[in-house]
Amino acid sequence: MKTKRSERLIDMTHYLLEHPHTLIPLTLFSKKYESAKSSISEDLTIVKHTFAERGIGFLETVPGAAGGVKYIPKMNKQDIEAFVNDLIDELNHSKRLLPGGYVYLSDMMGDPKWLRRIGRAIASQYMDTEVNSVMTVATKGVPIAQSVAFYLNVPFVIVRRDSKVTEGSTVSINYVSGSSFDRVEKMELSRRSLDMGSKVVIVDDFLKGGGTINGMISLIEEFNSEVVGATVIAENIFRGERSVKDYTALLKVDNVNTEDRTIEVSAGNFLSSIK
């Protein structure tokens, strides 16, 4: 059924937002709305301008018979900086402080409003990089990985510290805990979860000593795969040398005082990685 331009624009925008990093041929829209390709091209020009102006992302046009349009949901640096400041305002509060100097994040990891922004911000760092999979370790990193994977349009895999019969055969490694160098722990991944030769982004909620991320790096190497980056929500205070150095963090916990229940959080090194 032939549709009005206003209806086409709404439906087309929804389709693009639901299919990031997917090359969509103009013929798909042309047939769907029973409209000429020239009309579809004009519609996409309007969408492209609006996306760029509103900081929603940008549309990449691929010319030729096999071409089409692709939605890249990349945030600009100004919007990411504003988002990081929102995170800082949310976390610089005594209610976030837990016994032992830990910071409470679980409510944010269960809130779609925060998760969408976290996922899109982290994914923006890797928009121009070939990524085949996003990896995290159970359990708190799972919603982060899922959100990042959506915006990159790739699968996400979950590393576990205990065996699950439903995982089938697994690859396991022992690693040294970064926060307690005298403690050796184990993590494993199903052999079916990650293809050999994959390019992987690691995400997690917190970084302290770096042992968990270092363990995932070793596990990725067992699949003859490559780590293209590691990003965490926040790096915590750590006295000593971390076992992993190449990472980015949205936030940095600068100071925690459990006696007067104060916490100081600032921007991490993530912003410097965004062009």
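To the nearest 0.5 Å, atom CG of residue L219 and atom CG of residue N214 are 11.5 Å apart. Atoms OG1 and CG, on T170 and L189 in that order, are 8.5 Å from each other to the nearest 0.5 Å. In this structure, the separation between CE on M196 and OG on S198 is 9.0 Å, given to the nearest 0.5 Å. Going from atom OG of S225 over to atom CG of N132 covers 8.0 Å, rounded to the nearest 0.5 Å. Rounding to the nearest 0.5 angstrom, the gap separating the OG1 atom in T3 from the CD atom in E34 is 8.5 Å. Here the straight-line distance linking atom OG of S190 with atom CZ of R160 works out to 9.5 Å at 0.5 Å rounding.
Put simply, the side chain of S35 never gets that close to the backbone of I40: no donor and acceptor are under 3.5 Å apart. Although no hydrogens or angles enter the test, the distance criterion places a donor-acceptor pair under 3.5 Å between the side chain of R261 and the main chain of L97. Of the possible polar contacts, one joining the T22 side chain to the P20 backbone as a donor-acceptor pair under 3.5 Å is found. Between the side chain of S147 and the backbone N or O of I144, no donor-acceptor pair lies under 3.5 Å. A donor-acceptor pair is defined here as one N or O able to donate and one able to accept, closer than 3.5 Å; no such pair exists between the side chain of H21 and the backbone of K70. N269 places a side-chain N or O within donor-acceptor distance of the main-chain N or O of A249, the cut-off being under 3.5 Å.
Nearest heavy atoms, G110 versus P112: O-CD, 3.5 Å. For the residue pair G55 and R120, the shortest heavy atom distance occurs at O-NH2, 2.6 Å. Residues V265 and I88 come closest through the heavy atom pair O-CG2, 3.4 Å. For the pair S133 and V131, the tightest heavy-atom approach, listed with the atom from each and the gap, is O-CG1, 3.5 Å. Here the closest non-hydrogen pair linking I213 and A230 is CG2-CB, 4.2 Å. Heavy atoms only, all atoms of each residue included: G215 and M187 are closest at C-SD, 3.5 Å.
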Evaluate the criterion side chain to side chain contact (heavy atoms under 4.5 Å, CB included) for residue pair K252 and I237; output intermediate values, then yes/no. CA-CA 8 Å; K252 181 180 180 182; I237 298 171; over 6 Å; no
Trace of the side chain to side chain contact (heavy atoms under 4.5 Å, CB included) decision for E130 with V228: CA-CA 8 Å; E130 182 184 354; V228 297; over 6 Å; no
Chi angles and distances behind the side chain to side chain contact (heavy atoms under 4.5 Å, CB included) call for F223, V200: CA-CA 11 Å; F223 285 80; V200 185; over 6 Å; no
Please step through side chain to side chain contact (heavy atoms under 4.5 Å, CB included) for the pair E185 and R161, ending with a clear verdict. CA-CA 8 Å; E185 298 186 4; R161 292 191 173 92; 3.8 Å; yes
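A side chain to side chain contact (heavy atoms under 4.5 Å, CB included) with T231 holds for exactly one of I118, T248, V134; it is T248. Just one of V203, V148, D205 meets the side chain to side chain contact (heavy atoms under 4.5 Å, CB included) condition when paired with T136; it is V203.
Contact of the D86 side chain with the R117 side chain is registered, since non-hydrogen atoms from C-beta on lie closer than 4.5 Å. Put simply, the side chain of E90 reaches to within 4.5 Å of the side chain of W114, judged on heavy atoms. You'll find the side chain of L207 reaches within 4.5 Å of the side chain of V244, heavy atoms only. Using a 4.5 Å heavy-atom cutoff, the side chains of S172 and E222 are not in contact. Within the 4.5 Å cutoff, side-chain heavy atoms of I220 are placed close to those of I202. The shortest distance between side-chain heavy atoms of V159 and T212 does not fall below 4.5 Å. Using a 4.5 Å heavy-atom cutoff, the side chains of L44 and L26 are in contact. Residues L115 and Q146 fail the side-chain proximity criterion, which asks for heavy atoms closer than 4.5 Å.
Applying the ring-ring contact (aromatic ring centres under 6.0 Å, His included) test to every pair with at least one member in residues 58-81, sequence neighbours left out, gives these pairs: F51-Y71. Annotation: salt bridge (charged side-chain N to carboxylate O under 4.0 Å, His left out) contacts involving residues 99-108, sequence neighbours excluded, comprise R96-D107. Sequence neighbours left out, the pairs with a member in residues 230-240 that pass salt bridge (charged side-chain N to carboxylate O under 4.0 Å, His left out) are E235-R242.
Note on F206 and M135: separate hydrophobic clusters, where clusters join Ile, Leu, Val, Met, Phe, Trp and Tyr whose side-chain heavy atoms are under 4.5 Å apart, directly or indirectly. V157 and V232 end up in the same hydrophobic cluster when Ile, Leu, Val, Met, Phe, Trp and Tyr side chains are linked at under 4.5 Å. The same ILVMFWY cluster, assembled from side-chain heavy atoms under 4.5 Å apart, contains both V142 and L250. Residues Y175 and I158 do not share a hydrophobic cluster, defined by chaining ILVMFWY side chains whose heavy atoms lie under 4.5 Å apart. Both I274 and L87 sit in one connected hydrophobic cluster of ILVMFWY residues. Membership requires side-chain heavy atoms under 4.5 Å apart, directly or through other members.
Heavy atoms from other residues, nucleotides or ligands lying under 6.0 Å from CD of E53 number more than 12. Atom CG of D89 sits in a crowded spot, with more than 12 heavy atoms from other residues, nucleotides or ligands closer than 6.0 Å. For NZ of K245, the number of neighbouring non-hydrogen atoms (other residues, nucleotides, ligands) closer than 6.0 Å is greater than 12. Counted within 6.0 Å of NZ on K77, heavy atoms from surrounding residues, nucleotides or ligands total more than 12; the atom is thus considered enclosed.
With sequence neighbours excluded, no residue forms a ring-ring contact (aromatic ring centres under 6.0 Å, His included) with H49. Partners of E60 under the salt bridge (charged side-chain N to carboxylate O under 4.0 Å, His left out) rule, at least two apart in sequence or in another chain, do not exist in this structure. Checked against salt bridge (charged side-chain N to carboxylate O under 4.0 Å, His left out), D43 has the following partners two or more places apart in sequence or in another chain: R5, R8.
Ring geometry for Y15 against F29 counts as perpendicular: the plane angle is over 60°, on a 0 to 90° scale with 30° as the lower cut.
With respect to E226 and K199, a salt bridge is recorded, a charged nitrogen being found less than 4.0 Å from a carboxylate O.
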